[in-house]
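Okay, structure first, notes after.
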Amino acid sequence: MFKNFLGYALVEQIHNAKLQMREATKCKRFMKLLACFILLLILWNVPASFFGISNLTVVEQRTIAVFCFATLMWICEAIPAWNTSVAIIVILLFCASDSSLTLLNSCYSVDQLGTLISYKKIMACFADPIIMLFIGGFILAIAATKSGLDVKLARIMLKPFGTKSENVLLGFILVTGLFSMFLSNTATAAMMLTFLAPVLKSLPANGKGKICLALAIPVGANIGGIGTPIGTPPNAIALKFLNDPEGLNLNIGFGQWMMFMFPFALLLLFIAWRVLLLLFPFTQKRIELNIQESAERQLKPWQEKFVYVIFLITILLWMTDKISGVNSNVVAMLPVGAFCVAGIIGRRDLEEINWSVLWMVAGGFALGLALQDTGLATHLIDTIPFNTWSPVLMIVGSGVLCYAMANFISHTATANLLIPILAMAGISAAETLAPLGGVSTLLIGVALGSSLAMVMPISTPPNALAHATGLIEQKQMMRVGLIMGITGLVLGYTMLIVLGKAGLM
């Protein structure tokens with residue numbers, strides 16, 4: 001999180017609280033870490049027959065061990081999730097790549113060892129086009145903050161909602177949702193909670209309006225991320241596997257995603273508005289908003305105007321990528337180049353990019369690469385009869401599983417674990433899945449399930465930030481999270497199945 005971002009102090013409080021918690025549970029964390037490494041060593045060294053997969057090679061067995069290690073590490077959070085992703089890449093490089101340790105491989109014949117992964121491909125996961133897409137989004141967010149565009153937009157967009165309490169709530173939900181489609185969910189929640197702070201102080205202490213407004217921010221941030229491929233990492237992970245030229249190659253563009261997911265996100269935001277009003281009605285009927293712009297100018301006037309122009313051009317190019325012929329990943333490099341050349345983004349700004357998210361995603365890509373390039377994916381397809389499974393079980397079951405997991409572990413980690421396996425299963429069961437919209441329904445449903453997971457304060461950073469205000473009880477957050485999760489999954493799968501059957505997604 002970049003330090004000049006409005007609301008940075010809120011995010012720092014959450015991070016510091018997590019660090020203190022980790023310090024207090026060092027012994028427990030060490031035991032978890034030890035258990036994960038013991039599992040890795042056991043699966044690494046057991047006889048290949050233990051896995052029940054015929055002709056399993058040594059490298060494939062190592063990949064299974066690394067996958068199980070990653071799963072347990074992400075679930076128990078012995079170390080931060082992005083650290084696990086880096087560990088995955090390092091283990092694969094030293095033990096499963098074509099530049100791995102000779103000592104590990106010398107005692108096996110070529111047939112026993114199996115296909116080693118190109119070390120260049122593993123390292124390229126750090127610079128995958130999807131990673132570039134996220135970097136472009138982060139650069140846009142930094143430039144928007146430095147130019148004051150985010151605050152200006154918030155003031156302009158909230159103004160039409162007036163002062164009636166119900167309308168102000170709708171304004172905060174919609175504006176938060178729209179910002180989170182292009183900015184980090186965490187950054188959006190922090191900024192909007194900062195704007196909301198003086199409003200919360202003016203409301204009656206015993207009224208439910210405070211709870212309603214405080215919950216509106218995480219709900220809006222979580223749902224809004226559904227609307228664009230860069231809104232949340234699981235969206236981009238799903239899109240990578242859907243568009244992989246060597247895999248599904250569905251060529252779903254940024255604009256095509258937004259064409260359907262943007263209206264869907266807006267529908268869910270309106271539903272959330274009515275749900276919050278029903279559960280936590282206002283006692284004060286009017287709310288005065290006073291969002292102040294920073295008096296301190298970080299950019300020159302011409303630079304601010306330049307940010308507005310590039311921001312608009314980038315969004316338009318993203319939405320019209322099918323028409324312009326410029327891939328959304330390439331478009332993401334426009335603000336990077338333009339703002340760096342214009343002196344709007346400096347060295348310090350680049351240092352403040354949320355690299356942990358990018359490395360987290362890269363670790364998932366490395367796992368998917370290992371599954372594919374070692375031949376393990378093919379072996380699993382031959383061993384597990386995916387095409388005989390019920391399409392409803394595969395599609396809806398995977399979304400529900402993702403939703404359940406993502407409420408307790410990182411959304412990105414959940415997507416990293418499930419999407420590579422489901423992409424492989426989807427290819428082998430394409431004909432079976434066709435009546436329910438095909439593989440796109442399967443993978444986008446998983447991304448959808450992760451975004452809708454917002455039951456607990458630990459489910460997402462926006463939830464944690466809102467809960468830290470002290471206005472929301474866990475049972476209140478759980479009630480809203482469950483209602484929106486179930487509603488979103490039902491409506492989302494209905495939409496995806498209809499679009500899939502029509503060949504539109």
Side-chain angles (χ1 to χ4, degrees), residues 39-40 42-75 88-89 91-92 95-97 108 111-118 121-122 125 237-238 240-242 244-250 363-402 405 413-434 436 438-443 445-447:
L39 175 70
L40 174 67
I42 289 172
L43 295 177
W44 195 284
N45 293 292
V46 294
S49 58
F50 172 82
F51 298 98
I53 301 173
S54 59
N55 301 318
L56 189 72
T57 65
V58 171
V59 175
E60 288 172 1
Q61 180 172 340
R62 290 174 185 173
T63 301
I64 293 174
V66 171
F67 187 91
C68 294
F69 167 76
T71 303
L72 193 57
M73 287 285 283
W74 277 327
I75 290 174
I88 291 165
I89 292 175
I91 293 170
L92 290 175
C95 304
S97 76
Y108 300 106
D111 290 338
Q112 286 177 317
L113 184 62
T115 306
L116 293 166
I117 315 162
S118 166
K121 283 188 176 182
I122 297 175
C125 291
I237 294 168
K240 173 186 169 58
F241 284 92
L242 288 168
D244 185 0
E246 298 178 6
L248 294 164
N249 197 27
L250 297 182
F365 290 169
L367 271 183
L369 175 70
L371 286 169
Q372 192 65 43
D373 281 23
T374 60
L376 180 59
T378 304
H379 269 148
L380 288 175
I381 289 171
D382 292 339
T383 304
I384 304 171
F386 291 115
N387 55 354
T388 64
W389 289 13
S390 162
V392 175
L393 176 64
M394 281 190 69
I395 288 179
V396 179
S398 62
V400 172
L401 174 63
C402 178
M405 289 177 61
T414 305
N416 275 340
L417 289 171
L418 294 180
I419 288 177
I421 295 290
L422 290 171
M424 170 191 67
I427 291 172
S428 68
E431 292 184 9
T432 306
L433 299 177
L436 292 180
V439 187
S440 58
T441 303
L442 181 69
L443 298 191
V446 170

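Each residue takes its place number in the sequence, starting with 1.
When the side-chain contact (heavy atoms from CB on, under 4.5 Å) test is applied to I75, the partners found at least two apart in sequence or on another chain are T71, I409. Residues forming a side chain to side chain donor-acceptor pair (under 3.5 Å) with E60 (at least two apart in sequence, or on another chain): H379. Considering only residues two or more places apart in sequence or on other chains, F69 meets the ring pair (Phe, Tyr, Trp, His ring centres under 6.0 Å) condition with F37. In terms of the side-chain contact (heavy atoms from CB on, under 4.5 Å) criterion, residue partners of L436 (sequence neighbours excluded) are, by chain and number, P391, V392, I395, I497. With sequence neighbours left out, the side-chain contact (heavy atoms from CB on, under 4.5 Å) criterion links F50 to L43, V46.
Between the CG atom of L40 and the CD1 atom of I64 there is a distance of 12.5 Å, given to the nearest 0.5 Å. Taking CG of L401 as the reference point, atom OG1 of T414 lies at 8.5 Å (rounded to 0.5 Å).
Residues L418 and S398 are not in side-chain contact: their nearest non-hydrogen atoms beyond the backbone lie 4.5 Å or more apart.
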(Q) Run V446 and F241 through side chain to side chain contact (heavy atoms under 4.5 Å, CB included) and show every step you take. (A) CA-CA 12 Å; V446 170; F241 284 92; over 6 Å; no

Q.
As a quick check of understanding, evaluate side chain to side chain contact (heavy atoms under 4.5 Å, CB included) for F67 and I88, giving each step before the final call.
A. CA-CA 8 Å; F67 187 91; I88 291 165; over 6 Å; no

Q | Full working for side chain to side chain contact (heavy atoms under 4.5 Å, CB included) between T57 and L113 | A | CA-CA 6 Å; T57 65; L113 184 62; over 6 Å; no

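Shortest non-hydrogen contact noted between P420 and G364 is CG-O, 4.4 Å. In terms of heavy atoms, A70 sits closest to L367 at CB-CD1, 4.1 Å. Considering all non-hydrogen atoms of both residues, C68 and L39 come closest at O-CD2, 4.0 Å.
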Please tabulate, one pair per line, all N/O donor-acceptor pairs under 3.5 Å involving side-chain atoms of residues 421-434, not counting sequence neighbours.
| unit_1 | atom_1 | unit_2 | atom_2 | d |
| --- | --- | --- | --- | --- |
| S428 | OG | A425 | O | 2.8 |
| T432 | OG1 | N387 | O | 3.0 |

Donor-acceptor list for residues 368-377 side chains, cut-off 3.5 Å, not counting sequence neighbours:
| unit_1 | atom_1 | unit_2 | atom_2 | d |
| --- | --- | --- | --- | --- |
| D373 | OD2 | K121 | NZ | 3.3 |
| T374 | OG1 | A370 | O | 2.6 |
| T374 | OG1 | L376 | N | 3.3 |

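Listed by first and then second residue, the side chain to side chain donor-acceptor pair (under 3.5 Å) pairs that reach into residues 42-53 come to none, sequence neighbours excluded.
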